[in-house]
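Letters go in sequence order (proteins before strands), and every chain restarts at 1. Keep in mind that this is a model prediction, so the values were computed, not measured. Any value given below was found using the heavy atoms of this structure, including those in side chains, with hydrogens, waters and symmetry copies removed.
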Protein chains: 2
Amino acid sequence: MVDDGGEARLDAVFGALADPTRRAILRRLKEGEATVAALAAPFAMSQPAVSRHLRVLEEAGLITRSRRATARLSHLDAAPLRAAAGWLAEYRDYWSESHDRLAALLAAPPTDRP
Amino acid sequence: MVDDGGEARLDAVFGALADPTRRAILRRLKEGEATVAALAAPFAMSQPAVSRHLRVLEEAGLITRSRRATARLSHLDAAPLRAAAGWLAEYRDYWSESHDRLAALLAAPPTDRP
DNA sequence: TGTTTATATAACTAATAAGTTTTAGAATGT
DNA sequence: ACATTCTAAAACTTATTAGTTATATAAACA
């Protein structure tokens, strides 16, 4: 298998985050583990639909799962978000200030020292 | 129009970032503005395909466009990435250390002070 | 004015995604 | 063992996405 530097994982992570339902599920999981039923409750959506969202999150590595009685618990695993944040951080210079000004500065011809 | 707190924008931004071609285009644009042809060159993909990727990036607010002669230049606009990074930052506590340990600590019954 | 250059748009195809309802399965409790 | 509970899987529909080739358009140039 070729090492793509984690690019493939970023596809899955950013893809997972592109859906508001999944982002809401992750937000909920910050409060702690939850059953599928509990996670589905806030949404006007069938249980199988939520199950599929959970599978997407699991495939992106954003949740892990365990059992309690007949229920299945989802747990937040934020590690992949760190990689995503790392990718974004490489653009920090371009948003942290007027980038136009910065670019102009860098592109400017060298000035005479007074 | 209802204010969703920028959630709709996040859909578009994370969705745009989910594609490796588009991430590569953004990376290229850190070096400065570029024509469609220049952006398309590295990819084994037709020019219209790249044009569509650029439209997705534009709709997500990640690039702006201008003209030079018959060519159209794309410019990076990283501002939406700031919002995405802001969303991710709310999960920093959950990745910055073994969250399991942290959670266990918080959930632990108070211990006697020695 | 007509040609060239660079890019966008149109029309199409194939694959993927997100939802539905129905059904199957796995662990618990009686 | 059997019914219950909770969740996953199957089968299907519809919409979106990513790509293709062919064509149209806008600005520059001869």
Here the distance between atom C1' of C/dT16 and atom CG of A/D11, to the nearest Å, is 14 Å

Rounded distance (Å) that lies between atom P of D/dA9 and atom CZ of A/R52: 10 Å

Per the under-4.0 Å heavy-atom filter, residues of residues 33-44 of chain B near DNA chain C come out as B/T35, B/V36, B/A37

Provide, to the nearest angstrom, the distance between the CG atom belonging to B/L54 and the P atom belonging to C/dA6. 16 Å

Nearest whole Å is fine: how far is D/dA18 C1' from B/R55 CZ? 13 Å

Is the phosphate of C/dA18 approached by A/R22 (side-chain N or O, under 4.0 Å from OP1 or OP2)? yes

To the nearest Å, give me how far apart CZ (A/R23) and P (C/dA18) are. 12 Å

Which of C/dT7, D/dG19, C/dT21 is nearest the side chain of A/S46? It is C/dT21

Per nearest nucleotide of DNA chain D, the residue lying toward the 5' end, B/D19 or A/T70, is A/T70

With respect to the side chain of B/P48, which nucleotide from C/dG19, D/dA26, C/dA10 is positioned closest? C/dA10

Parallel, tilted or perpendicular: which fits the ring planes of A/F14 and B/F14, with parallel below 30° and perpendicular above 60°? parallel

So does A/R55 have more than 12 non-hydrogen atoms from other groups sitting under 6.0 Å from CZ? no

Looking at B/K30 and A/D93, is any side-chain nitrogen of the basic one under 4.0 Å from a carboxylate oxygen of the acidic one? no

For DNA chain C, whose closest nucleotide is more 5', that of A/V56 or that of A/R68? A/V56

Using atom CG of A/L17 as one end and atom P of C/dA18 as the other, report the distance to the nearest whole Å. 12 Å

Quick one: is A/H53 getting a side-chain N or O under 4.0 Å of the C/dA17 phosphate, OP1 or OP2? no

Is B/R65 touching bases, backbone alone, or none of the nucleic acid, heavy atoms closer than 4.0 Å? sugar-phosphate

Over all atoms of both residues, closest heavy-atom pair of A/T35 and A/A71: CG2-CB, 3.9 Å

Is the shortest side-chain heavy-atom distance between B/S66 and B/H75 below 4.5 Å? yes

As a test of reading the structure: which of D/dT7, D/dA26, C/dA26 is closest to the side chain of A/A71, going by heavy atoms? D/dT7

Whole angstroms only, please: what is the CG-P distance between A/L73 and D/dC6? 13 Å

With the side chain counted from C-beta on, respond yes when A/D11 and B/R23 share a heavy-atom pair under 4.5 Å apart, and no when they do not. yes

Test item: B/L62 and B/D77 side chains (from C-beta on) under 4.5 Å apart, heavy atoms: no

Report yes or no: is there a donor-acceptor pair, N or O only, under 3.5 Å between the side chain of B/Q47 and the base of C/dA6? no

Measure CZ/A/R67 against P/C/dA26 and give the value in whole Å, please. 9 Å

